[in-house]
Amino acid sequence: MTAKKKPKVYITRKLPDAVETRMRELFDAELNIDDTPRSVPELIAAVRTADVLVPTVTDRIDAALIEEAGPQMKLIASFSNGTDHIDVEAAARKGITVTNTPNVLTEDTADMTMALILAVPRRLGEGARVLTDKPGEWAGWSPTWMLGRRIHGKRIGIVGMGRIGTAVARRAKAFGLSIHYHNRKRVNPAVEDELEATYWESLDQMLARVDIVSINCPSTPATFHLISARRLALLQPTAYIVNTARGDVVDETALIKCLREGKIAGAGLDVFENEPAVNPRLVKLANEGKVVLLPHMSSATIEGRIDMGDKVIINIRTFIDGHRPPNRVLPGR
């Protein structure tokens with residue numbers, strides 16, 4: 001009896017060793033050991049020969065690339081929660097199933113969101129740089145030096161009350177923040193009661209009334225520049241914005257202008273509109289203490305990445321065995 005042929009799986013980026021080892025055991029897996037982002041020609045060559053493509057959020061899997069796929073390519077098992085980097089509709093037309101890795105990054109992303117909610121008003125970045133950039137120049141404690149803003153008792157407005165938004169709300173409530181949220185629809189009444197949360201059908205009305213705005217919605221055509229120049233103008237001059245979702249949800253140019261002119265108090269950003277490029281004006285604002293910038297690391301924990309890899313493997317094995325994978329992404333979702 002001959003052994004069943006292993007499916008050919010092409011992995012676009014370096015994954016945790018434990019995940020890659022398991023991939024090699026189960027599949028004919030081509031790894032990316034040096035983690036160099038794959039070029040478009042390399043991706044085209046991959047989809048023409050592989051059975052399964054495992055991309056990440058840094059890979060653009062658009063309609064043109066999908067059209068190049070050979071007849072053997074039947075699954076795109078993305079190593080990501082979001083799928084805005086994949087043209088799911090084009091994949092469906094080609095008969096290719098798309099999966100993702102939901103629900104494993106919720107707590108990690110919510111932790112980092114809360115870290116930024118603390119870091120921006122309390123000037124943590126500036127304080128840390130005092131000791132590292134000019135060692136020996138700190139004169140010691142002073143009653144009026146490095147004064148930030150208290151967050152206890154303030155109002156937080158959560159834009160997107162899904163799993164991550166709800167996890168952020170739980171953390172924020174523990175820190176004494178009053179929870180407000182805007183979502184396409186209200187959350188379960190039991191959750192709303194637990195969080196003592198106020199629902200705003202109008203995003204505009206909520207933005208005008210909160211002290212901290214946390215962006216936790218997905219990137220879709222409907223949320224592109226959801227936080228526009230007009231909406232930024234609704235914020236109080238003492239308000240802060242934190243974004244750990246996707247950079248294009250916020251009009252970055254308008255945000256920079258607001259920060260530059262003192263129309264809002266500050267921002268904490270883990271994502272950017274043109275990643276991996278970061279607007280030099282944002283870097284300048286960070287050096288001036290008006291912004292805290294992080295390199296898209298809110299989900300970056302060892303445990304989270306291994307959990308993501310496990311979901312990718314389960315999706316591939318389930319599909320190869322002829323069953324519907326548990327994390328299938330449907331067109332239009």
Side-chain angles (χ1 to χ4, degrees), residues 5-62 65-66 69 72-88 91 96-112 163-164 218-219 244-246 270-271 275-276 294-321 325-329:
K5 183 181 177 183
K6 292 181 179 180
K8 186 172 182 180
V9 176
Y10 186 92
I11 304 161
T12 66
R13 298 297 296 267
K14 176 81 176 78
L15 303 183
D17 287 347
V19 175
E20 290 184 338
T21 300
R22 190 64 177 142
M23 288 270 198
R24 293 283 300 203
E25 290 173 346
L26 295 171
F27 316 124
D28 176 12
E30 182 171 341
L31 308 179
N32 183 351
I33 299 300
D34 64 5
D35 202 31
T36 303
R38 297 306 191 191
S39 66
V40 172
E42 287 174 321
L43 290 173
I44 290 174
V47 298
R48 286 176 176 172
T49 58
D51 301 302
V52 180
L53 179 69
V54 180
T56 70
V57 293
T58 62
D59 303 299
R60 182 170 172 76
I61 314 301
D62 58 15
L65 177 66
I66 289 167
Q72 82 297 325
M73 167 66 69
K74 293 299 181 184
L75 177 64
I76 299 172
S78 190
F79 185 87
S80 66
N81 181 46
T83 55
D84 47 294
H85 58 297
I86 302 171
D87 191 327
V88 179
I96 299 173
T97 297
V98 176
T99 62
N100 65 341
T101 60
N103 308 335
V104 297
L105 304 178
T106 298
E107 303 303 329
D108 298 330
T109 303
D111 285 345
M112 191 64 83
R163 291 184 180 88
I164 294 174
S219 173
T244 56
R246 286 290 186 267
D270 185 49
V271 289
E275 287 184 28
L294 296 177
H296 202 149
M297 56 184 285
S298 62
S299 64
T301 68
I302 294 168
E303 296 88 347
R305 295 290 186 252
I306 290 175
D307 288 346
M308 290 172 70
D310 288 343
K311 277 187 176 282
V312 170
I313 291 169
I314 290 169
N315 283 322
I316 296 172
R317 291 198 68 181
T318 305
F319 183 83
I320 295 300
D321 288 342
N327 303 124
R328 183 181 180 189
V329 179

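Computed from a predicted structure; not experimentally measured.
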| Minimum side-chain heavy-atom gap E30-I11 below 4.5 Å | no
| note | Rounding to 0.5 Å, atoms CG (D108) and OG1 (T301) come to a distance of 3.5 Å
| Spatial distance of atom CZ (F27) from atom NZ (K5) [nearest 0.5 Å] | 15.0 Å
| message | With rounding to the nearest 0.5 angstrom, report the CG to CD1 distance, L43 to I66. | response | 11.0 Å
| Closest non-hydrogen atom pair between P37 and E42, with its separation | O-OE1, 4.3 Å
| query | Does anything in residues 96-106 pair up under salt bridge (charged side-chain N to carboxylate O under 4.0 Å, His left out), and if so which pairs, sequence neighbours excluded? | reply | none
| Non-hydrogen side-chain atoms of I313 and L26 separated by less than 4.5 Å | yes
| task | Could you tell me whether the side chain of I316 reaches within less than 4.5 Å of the side chain of V9, counting heavy atoms only? | result | yes
| So, D270 side chain and S298 main chain: donor-acceptor pair closer than 3.5 Å or not? | yes
| Any side-chain heavy atom of T99 sitting closer than 4.5 Å to one from I76? | no
| With a 3.5 Å cut-off and no angle check, do the side chains of H85 and S78 form a donor-acceptor pair? | yes
| said: If I take atom OG1 from residue T244 and atom CG from residue L105, how far apart are they, to the nearest 0.5 angstrom? | reply: 11.0 Å
| said: Is it the case that the side chain of E20 and the backbone of L15 share a donor-acceptor pair, with hydrogens and angles ignored and the cut-off at 3.5 Å? | reply: yes
| query | Side chains of R24 and L31: does their closest heavy-atom pair fall under 4.5 Å? | reply | yes
| Can you tell if the side chain of N32 reaches within under 4.5 Å of the side chain of T12, non-hydrogen atoms only? | no
| Under 4.5 Å between any side-chain heavy atoms of K74 and F319, yes or no? | yes
| request: Please assess D35 against R38 for the test salt bridge (charged side-chain N to carboxylate O under 4.0 Å, His left out), listing each intermediate value before the final yes or no. | output: CA-CA 9 Å; D35 202 31; R38 297 306 191 191; over 6 Å; no
| task | Ignoring hydrogens and angles, tell me if any N or O in the side chain of D59 forms a donor-acceptor pair with the backbone of I61 under 3.5 Å. | result | no
| query | Can you check salt bridge (charged side-chain N to carboxylate O under 4.0 Å, His left out) on R246 and D84, steps first, answer last? | reply | CA-CA 10 Å; R246 286 290 186 267; D84 47 294; 3.5 Å; yes
| task | Would you give the length of the straight line joining atom CG of D17 to atom CE of M23, rounded to the nearest 0.5 angstrom? | result | 13.0 Å
| said: The criterion is side chain to side chain donor-acceptor pair (under 3.5 Å); which residues satisfy it with N315, sequence neighbours excluded? | reply: N327
| said: Consider side-chain hydrogen bond (donor to acceptor under 3.5 Å, both in side chains). Of N81, N103, T109, which one does R163 pass it with? | reply: N103
| If you look at every heavy atom in A50 and Q72, which pair is closest and at what distance? | O-NE2, 2.8 Å
| request: Answer yes or no: is there a side-chain heavy-atom contact under 4.5 Å between L65 and R60? | output: no
| query | Can R328 and T97 be counted as having a side-chain donor-acceptor contact under 3.5 angstrom? | reply | no
| task | Please check if the side chain of D51 supplies one atom and the backbone of M73 the other of a donor-acceptor pair under 3.5 Å. | result | no
| field | Enclosure of R13 CZ (heavy-atom neighbours >12, cutoff 6.0 Å) | value | yes
| said: Would M112 and L294 count as a side-chain contact (heavy atoms from CB on, under 4.5 Å) here? Give the steps. | reply: CA-CA 10 Å; M112 191 64 83; L294 296 177; 3.7 Å; yes
| What do you reckon, is CD1 of I33 surrounded by more than 12 foreign heavy atoms closer than 6.0 Å? | yes
Report, one line per pair, each donor and acceptor closer than 3.5 Å where one atom sits in a side chain of residues 303-312; sequence neighbours left out.
unit_1: R305; atom_1: NH1; unit_2: S299; atom_2: O; d: 3.1
unit_1: R305; atom_1: NH1; unit_2: S299; atom_2: OG; d: 3.0
unit_1: R305; atom_1: NH2; unit_2: S299; atom_2: OG; d: 3.3

| field | Heavy-atom pair with the smallest gap, counting every atom of N100 and S80 | value | CB-O, 3.3 Å
| If you look at every heavy atom in K6 and D28, which pair is closest and at what distance? | CB-N, 3.6 Å
| request: Grab the two heavy atoms, one from T101 and one from F79, that are nearest each other, plus how far apart they are. | output: OG1-C, 4.2 Å
